[in-house]
Amino acid sequence: MTVSSAPGKVYLFGEHAVVYGEPAVPCAVERRATVSVDAREDDRVRVTAPDLSLDGFTVEYGGEGDDRPDVNVAQGLVEAGIAYVAAAVEQARDAADAPSAGFDVTVESDIPLGAGLGSSAAVVVAGIDAATRELGTPLDPEAVAERAYRAEYDVQDGHASRADTFCCAVGGAVRVEGDDCRRIDAPNLPFVVGFDGGAGDTGELVAGVRSLREEYGFAADTVGSIGDLVRRGEAVLAEADPTDDPPESVLAELGRLMNFDHGLLEALGVSSRSLDNMVWSAREAGAHGAKLTGAGGGGCVVALDRTEETETALRFTPECEDAFRAELARGGVRVEE
Ligand code: PMV
């Protein structure tokens, strides 16, 4: 059996604008999806995922006349979970040139689902890593990222960016601009996450921004402003010592830029009452800055705070279902002993 894990991620800056070619900076965080893969004698695939729904689920497919489940992400998170695992298995089979390899797969995750923390990317990345290792053909993290991107592209009908899969595979802070993805230096960023228990519909939210841009030309300037603040944020990160805790001045400037980013995302119509309330709770508790992370519409906010104040305040915010500290994960996908 091979067990691999991959971290989730938050967007420090730049979601939505990245769709229009602006740079974005996602950062891996210490919340992981763990995938265990056991090669089978036959060509079937059995997926057990205790954390992907309230009751957990098991599904088995493969063999003659029983193809990979054809499920659409819009059908819901549980079905989507199966689709992502199945797409990861396909990529691993292809990488190992073993089209009929069978597996028992178990998925465990402490990343909130579909909430802007890269839950599906982490599962796909860890799944491809574990399955290729199990077949004796391990890939380096960049190759895992490329295959994970193809898997997400496949499940999401062509609507996937490389940001999540690259970040979850290589870890740390990442810069994404179009197809160009690279690691960048970042100090130990003290992230705090608030989760409203919900999930946004990424496709709908991205389409909403597109029609806003079409209807109101100046919305393109809003997107461009996000790109400008991302470039400013990159310069701030580059000045800080990547091996140390950042000075207050760096956190203060990053926080200001996060607040700016949230305001622009709000203007683009992708925030929600619960996300805004959590953002304001974090700010009032003394966070350096706070913003939604990911597609928006519901899900998670991310704040910067070294103290316990923001996490405590979020816990007392009615719209917040869970709050936790999520330090920058320096490592990406890895084998678990
Ligand atoms: O919600 P997430 O983590 O899947 O992030 C979506 C990010 C967007 O920029 C809105 C879409 C994309 O594909 O980049």
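Just so you know, ligand 1 is whichever comes first in the structure, and atom 1 is the first atom listed for that ligand.
Comment: Arg175 engages Glu234 in a salt bridge, judged by a side-chain N to carboxylate O separation of less than 4.0 angstrom. With salt bridges taken as basic N to acidic carboxylate O contacts below 4.0 Å, one links Arg162 and Asp179.
When non-hydrogen atoms are compared, ligand 1 lies under 4.0 Å from neither the backbone nor the side chain of Thr293.
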*asked:* Between Phe166 and Glu142, is the side chain to side chain contact (heavy atoms under 4.5 Å, CB included) condition met? List the steps.
replied: CA-CA 7 Å; Phe166 185 79; Glu142 275 82 5; 4.3 Å; yes
(message) Checking Leu275 against Ser272 for the side chain to side chain contact (heavy atoms under 4.5 Å, CB included) test, could you report, in this order, the C-alpha distance in whole Å, the side-chain angles of both residues, the deciding distance, and whether it holds?
(response) CA-CA 5 Å; Leu275 294 174; Ser272 70; 3.3 Å; yes
Take Leu117 and Thr293, measure what side chain to side chain contact (heavy atoms under 4.5 Å, CB included) needs, and give me the verdict at the end.
CA-CA 7 Å; Leu117 294 193; Thr293 170; 4.0 Å; yes
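Annotation for ligand 1: atoms under 4.0 Å from non-hydrogen atoms of Glu15 are 9 (O). Residue Ser161 approaches ligand 1 through these ligand atoms, each under 4.0 Å from one of its heavy atoms: 12 (C), 13 (O), 14 (O). Within ligand 1, counting atoms from 1 as listed, the ones closer than 4.0 Å to a heavy atom of Val18 are 9 (O), 14 (O). For ligand 1, the atoms closer than 4.0 angstrom to any heavy atom of His16 are 8 (C), 9 (O), 10 (C). The contact set between ligand 1 and Gly294, taken as ligand atoms under 4.0 Å from a residue heavy atom, comprises 1 (O), 2 (P), 3 (O), 5 (O). Contact atoms of ligand 1 toward Gly116: 1 (O), 3 (O) (distance under 4.0 Å to a heavy atom of the residue).
Protein heavy atom in closest approach to atom 4 (O) of ligand 1: Asp164 OD2, 3.7 Å. Atom 1 (O) of ligand 1 has Ala295 N, 2.9 Å as its closest protein atom, hydrogens excluded (heavy atom only).
Considering backbone and side-chain atoms alike, Lys9 places an N or O below 3.5 Å from some N or O of ligand 1. In terms of N/O distances under 3.5 Å, ligand 1 is not approached by Gly118.
No more than 12 heavy-atom neighbours from other residues, nucleotides or ligands sit within 6.0 angstrom of CZ on Arg46.
No option in Asp140, Asp94, Asp154 other than Asp94 meets the salt bridge (Lys or Arg N to Asp or Glu O under 4.0 Å) test with Arg147.
Arg325 forms no cation-pi arrangement with Phe191, by the criterion of a distance under 6.0 Å to the ring centre and an angle within 45° of the ring axis.
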